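Notes follow once the structure below has been shown.
What you are looking at is a predicted structure, and each value in this text was computed from that prediction instead of being measured. Chain identifiers are assigned alphabetically (A, B, ...) following the order of the sequence lines, protein sequences preceding nucleic acid strands; residue numbering begins at 1 within each chain.
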Amino acid sequence: MHFKIRAAAKEDCREISRMIKELAVFEKMSDQVKISHEDNKTSVVFLVTCVFVVLPGFTLVGYALYFYTYSTWTGRSVYLEDLYVMPEFRGNGIGKGLMSKVAEVGKKKQCVRLQLSVLDWNTPARDFYATKGAQDLTAGEGWHFIRFDGQSLDDLVNEAPED
Amino acid sequence: MEYSIRAANVEDCKDIARMITELAEYEKVSEHVKVTQKDLEQDGFSKNPFFHGIIAEVPEQHKTKEGHTKIGYALYFYSYSSWKGRAIYMEDLYVMPEFRGIQKNGLVAMEIMCMCMCMCRKSLVICGVCLSGKGIGKALMSKVAQLGLAAGCNQLNFTVLDWNKSSLDFYLNQGCFDVTADMGYHCMRCEGEALQHLAQP
């Protein structure tokens, strides 16, 4: 199956939103999706770009969403926030193509790490990443993601010192 | 003891590099640190920075015996959740040991320090009585949260090691939640040869 990968543009945000929701349904967390394609549109400039998969006929069937991060030990890194291919187009190397593209983009910016997160029950994804040589830092070293949001974030902000 | 917190500038990179090294040396993992002062200058203070920093400073009369007035920092960057939108990630939080347990109003409080990726369990202390203390580390973390909110972020994220119970308890007591434990997300990393191979077109 021939496919093309390209950088995302603002006009893609509606399709990005559609696929974000499809991925959330797969992850059994569709109630967690709060942002719309309008938010994505204004935030695309803020931070992220995507790479897209386009098949003949220019149907958008997959995407990867990434941004740059930093390690005070090793320096520049790239974080793969989302990687998604619509179910009917899997098995054709599209996911691998997207992930490799993100790694390539990161390499051009001298990133030395590519990081992501995966749900513990998502065995196909975990197997996929394992074949790509990804280490599981949670299982291997005990790292946990911690988050402040909503009221807990507001409470923390209220304790900030005055300038 | 009076202290101030301000945005880091490129001249602070020497002290940030020093404090990164101090922490790594204390944890006996200094061989893991590859980032130099020059990397910090380039990566944090060019047109599209990879990170931002805030610095905690004390007045001259409280400088360390080596003459340092820059005695703590937090390093953060903006990230994105495709579900919730803009987020802020705190990569490092550090206060030099002799400046821990200090509140601006003179009250003594113990606090959690050193929550960066390279931190070691030994560097964490917690006082069950003074969890509400407003020490320098807490002030730095709150400032990062404030900066995030001002930038339209609705999440502050970071990582902590699972065996670091005192640290985990401290953060959970402040209302945050453990995304890994509660939702099952694992942190994954590709680097070195695996990354080189992946980046082949």
Let's test your reading of the structure: which of [options] forms the most heavy-atom pairs below 4.5 Å with chain A?
{"options": "B:Cys176, B:Ala145, B:Ala194, B:Gly192", "value": "B:Cys176"}
{"options": "B:Asp43, B:Leu168, B:Asn48", "value": "B:Asp43"}
{"options": "B:Leu75, B:Asp39, B:Val179", "value": "B:Val179"}
{"options": "B:Met183, B:Glu191, B:His186, B:Gln196", "value": "B:His186"}
{"options": "B:Asp178, B:Thr36, B:Leu147", "value": "B:Asp178"}

Proximity breakdown for [X] and chain A, heavy-atom pairs closer than 4.5 Å:
{"X": "B:Phe177", "answer": "both"}
{"X": "B:His32", "answer": "both"}
{"X": "B:Ala181", "answer": "both"}

Open item on the list: Please determine whether a side-chain nitrogen of the Lys or Arg among A:Glu104 and A:Lys107 lies less than 4.0 Å from a carboxylate oxygen of the Asp or Glu.
Closed with: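 So A:Glu104 does not pair with A:Lys107 through a salt bridge.
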Open item on the list: I'd like to know whether the aromatic ring centres of B:Phe77 and B:Phe51 sit less than 6.0 Å apart in this structure.
Closed with: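 Here the rings of B:Phe51 and B:Phe77 have centres that are no less than 6.0 Å from each other.
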Task: Ring centers of B:Phe50, A:Tyr68 separated by less than 6.0 Å - done: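 Under 6.0 Å, so yes.
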For [X], is it the side chain, the backbone, both, or neither that has a heavy atom closer than 4.5 Å to a heavy atom of chain B?
{"X": "A:Gln151", "result": "neither"}
{"X": "A:Tyr70", "result": "both"}
{"X": "A:Asn122", "result": "neither"}
{"X": "A:Val112", "result": "backbone"}
{"X": "A:Gln135", "result": "both"}
{"X": "A:Lys132", "result": "both"}

- [ ] Report yes if the side chains of A:Arg90 and A:Tyr84 come closer than 4.5 Å at any heavy-atom pair, otherwise no.
- [x]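 Yes. Closest side-chain heavy atoms under 4.5 Å.
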Task: Contact check, side chains of B:Phe45 and B:Leu40, non-hydrogen atoms, under 4.5 Å - done: no
Task: N/O donor-acceptor pair under 3.5 Å between A:Asp136 side chain and A:Thr138 backbone - done: yes
Open item on the list: Quick one, B:Ser142 with B:Lys138, criterion side-chain hydrogen bond (donor to acceptor under 3.5 Å, both in side chains). Give me CA distance, side-chain angles, the key distance, then yes/no.
Closed with: CA-CA 6 Å; B:Ser142 291; B:Lys138 179 69 188 296; 4.9 Å; no
